[in-house]
Amino acid sequence: MLEKIEYIFPNNKINTQLFDLFATLFEIIPYATIDTKEINLISSSLMPKTVFRMDDTTTVLQLDIGNSKYLNLLNKNSTYSEDETITKLPIQDVKKRLKGHIKRVDHTGINLPSSLYSKKDWNTLLKYLASISNLYNYPTGEPWPFLIPSTTDENLNEINNFTILREPRFEIVYDDYTNIVTIQIDIETDLSKSEVETLFPKGQGTYFNSLENIFKTVYLDYTNYINIRLDIRFACSHSDFESGEWFVSQGKRIK
């Protein structure tokens with residue numbers, strides 16, 4: 001069974017800034033354990049847990065399956081293609097604007113460009129993830145499956161308990177819109193949409209079609225070969241999306 005989702009970054013200046021951002025954003029989240037080079041996010045005893053850490057390696061997204069077995073999802077080089085429509089904001093600037101406003105991490109995820117990953121690669125990956133986790137189709141049909149944290153018994157059978165916190169979830173996207181691999185972090189704030197607009201006015205960030213009233217996306221000024229984006233979720237009352245019930249009942253499990 002999948003035990004950890006690990007985002008691993010080289011130990012250098014830009015990633016020191018990135019981890020300072022993470023530490024600042026996650027500091028009031030009860031289930032965040034924060035160190036200078038490792039941050040753990042796990043809301044219960046469910047698996048997988050989400051880990052950000054610095055190491056002396058290249059940037060990788062590593063899936064820890066236990067027994068020293070790993071799968072690296074960032075094993076292909078992105079084709080650099082600057083998108084002039086994307087405004088990237090300085091990491092330290094974003095930290096100052098969002099400090100104290102983050103309530104939880106809804107999910108993290110990875111967008112894999114179709115230019116790097118063939119449909120065969122994608123289907124093989126989904127089949128493998130489904131064999132080691134509770135993976136569900138996105139209910140409205142987009143290629144955005146979600147991995148829902150679960151117990152060993154739920155992994156073997158099915159999730160039926162929706163009263164416990166199942167986060168952070170993990171989203172994997174088959175992306176036709178960019179040639180650059182993108183790491184996404186969906187964070188719920190205590191801010192209204194208008195307050196987020198004040199912090200990040202027009203020209204700073206973007207909206208995705210049909211999701212305009214849920215979150216606004218901003219991109220960090222990170223590197224040219226990988227994008228890191230924050231999906232800034234507006235303050236909301238929780239629903240069957242957060243509990244995972246929507247995915248289980250409407251999206252159906254991938255097997």
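Residue indices begin at 1 and follow the sequence shown.
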Handout entry: Sole candidate of Leu46, Leu165, Ile164 that passes side chain to side chain contact (heavy atoms under 4.5 Å, CB included) when paired with Pro149
Key =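 With Pro149 as partner, Leu46, Leu165, Ile164 yield a single side chain to side chain contact (heavy atoms under 4.5 Å, CB included), made by Leu46.
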Handout entry: Chi angles and distances behind the side chain to side chain contact (heavy atoms under 4.5 Å, CB included) call for Phe234, Asp190
Key = CA-CA 7 Å; Phe234 313 133; Asp190 59 2; over 6 Å; no
Does [X] reach the side chain of [Y], with side-chain heavy atoms less than 4.5 Å apart?
X      : Y      : result
Leu61  : Glu6   : no
Ile91  : Asp221 : no
Phe200 : Leu89  : yes
Leu41  : Phe26  : yes
Glu242 : Arg166 : no
Leu125 : Ile172 : yes
Leu2   : Leu147 : yes
Met1   : Pro48  : no

For the [atom1] atom of [X] and the [atom2] atom of [Y], what is their distance to the nearest 0.5 Å?
X      : Y      : atom1 : atom2 : answer
Arg97  : Leu191 : CZ    : CG    : 12.5 Å
His101 : Ile28  : NE2   : CD1   : 9.0 Å
Ile214 : Cys236 : CD1   : SG    : 8.5 Å
Glu167 : Ile29  : CD    : CD1   : 8.0 Å
Ile226 : Ile180 : CD1   : CD1   : 9.5 Å
Asn160 : Glu245 : CG    : CD    : 10.0 Å

Practice task
Before accepting this row, confirm whether a basic side-chain N of the pair Arg53/Asp55 lies closer than 4.0 Å to the acidic partner's carboxylate O.
Solution key: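 Result for this pair is yes, salt bridge flagged.
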Exercise for the section: Could you tell me whether Glu188 and Arg104 have a side-chain N and a carboxylate O separated by less than 4.0 Å? Expected result: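 Judged by the 4.0 Å cut-off on N to carboxylate O distance, Glu188 and Arg104 do form a salt bridge.
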Looking at [X], I'd like to know if its [atom1] atom is crowded, meaning that more than 12 non-hydrogen atoms belonging to other residues, nucleotides or ligands lie closer than 6.0 Å.
X      : atom1 : result
Glu27  : CD    : yes
Lys13  : NZ    : no
Lys103 : NZ    : no

Side-chain donor-acceptor pair under 3.5 Å between [X] and [Y], yes or no?
X      : Y      : answer
Glu38  : Asn40  : yes
Thr140 : Glu142 : yes
Asn111 : Gln184 : yes
Asn157 : Asp153 : yes
Ser118 : Asp121 : yes

Which atom names give the shortest non-hydrogen contact between [X] and [Y], and what distance separates them?
X      : Y      : answer
Thr36  : Met54  : O-CE, 3.7 Å
Ile14  : Asn12  : CG2-OD1, 3.2 Å
Asn134 : Ser150 : OD1-OG, 2.9 Å
Thr87  : Gly203 : OG1-O, 3.2 Å
Ser115 : Asn179 : OG-OD1, 2.8 Å

Problem - Connected-component partners of Ile159 among ILVMFWY, side-chain separation under 4.5 Å - result: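 Members other than Ile159 - counting any ILVMFWY side chain reachable under 4.5 Å - are Tyr136, Tyr138, Trp144, Phe146, Ile148, Phe162, Val173, Phe241, Trp246, Phe247, Val248.
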Does [X] belong to the same Ile/Leu/Val/Met/Phe/Trp/Tyr cluster as [Y], with side-chain heavy atoms less than 4.5 Å apart forming each link?
X      : Y      : answer
Leu126 : Tyr117 : yes
Ile185 : Ile42  : no
Ile110 : Ile132 : yes
Ile254 : Ile65  : yes
Ile39  : Phe170 : yes

Handout entry: Tyr174 and Trp122 aromatic centres sub-6.0 Å
Key =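 Ring-ring flag for Tyr174/Trp122: true, centres closer than 6.0 Å.
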Problem - Ile187 vs Leu98, side chain to side chain contact (heavy atoms under 4.5 Å, CB included): CA-CA, chis, key distance, verdict - result: CA-CA 10 Å; Ile187 46 180; Leu98 289 178; 4.1 Å; yes
Are the side chain of [X] and the backbone N or O of [Y] linked by a donor-acceptor pair below 3.5 Å?
X      : Y      : result
Asp186 : Leu230 : no
Thr198 : Ser194 : yes
Glu195 : Ser192 : yes
Asp175 : Tyr177 : yes
Asn11  : Asp56  : no

Handout entry: Test side chain to side chain donor-acceptor pair (under 3.5 Å) applied to Thr189 - qualifying residues, sequence neighbours left out
Key =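 Not a single residue meets the side chain to side chain donor-acceptor pair (under 3.5 Å) criterion with Thr189.
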Handout entry: Steps toward side chain to side chain contact (heavy atoms under 4.5 Å, CB included) verdict (Val94, Leu21)
Key = CA-CA 8 Å; Val94 173; Leu21 169 69; 4.3 Å; yes
Problem - Tyr128 and Asn123: CA distance, side-chain angles, deciding distance, side chain to side chain donor-acceptor pair (under 3.5 Å) verdict - result: CA-CA 9 Å; Tyr128 182 71; Asn123 290 331; over 6 Å; no
Exercise for the section: Check the pair Leu220 / Leu18 against side chain to side chain contact (heavy atoms under 4.5 Å, CB included), numbers first and verdict last. Expected result: CA-CA 9 Å; Leu220 302 181; Leu18 185 66; 3.7 Å; yes
Practice task
With sequence neighbours excluded, give me every side chain to side chain donor-acceptor pair (under 3.5 Å) pair touching residues 207-218.
Solution key: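 Checked against side chain to side chain donor-acceptor pair (under 3.5 Å) - neighbours excluded - the pairs reaching residues 207-218 are Lys193-Asn213, Glu197-Tyr207, Glu197-Lys216, Thr217-Asp231.
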Handout entry: The single option from Phe52, Phe19, Phe22 passing ring-ring contact (aromatic ring centres under 6.0 Å, His included) against Tyr7
Key =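 Testing each of Phe52, Phe19, Phe22 against Tyr7, the sole residue satisfying ring-ring contact (aromatic ring centres under 6.0 Å, His included) is Phe52.
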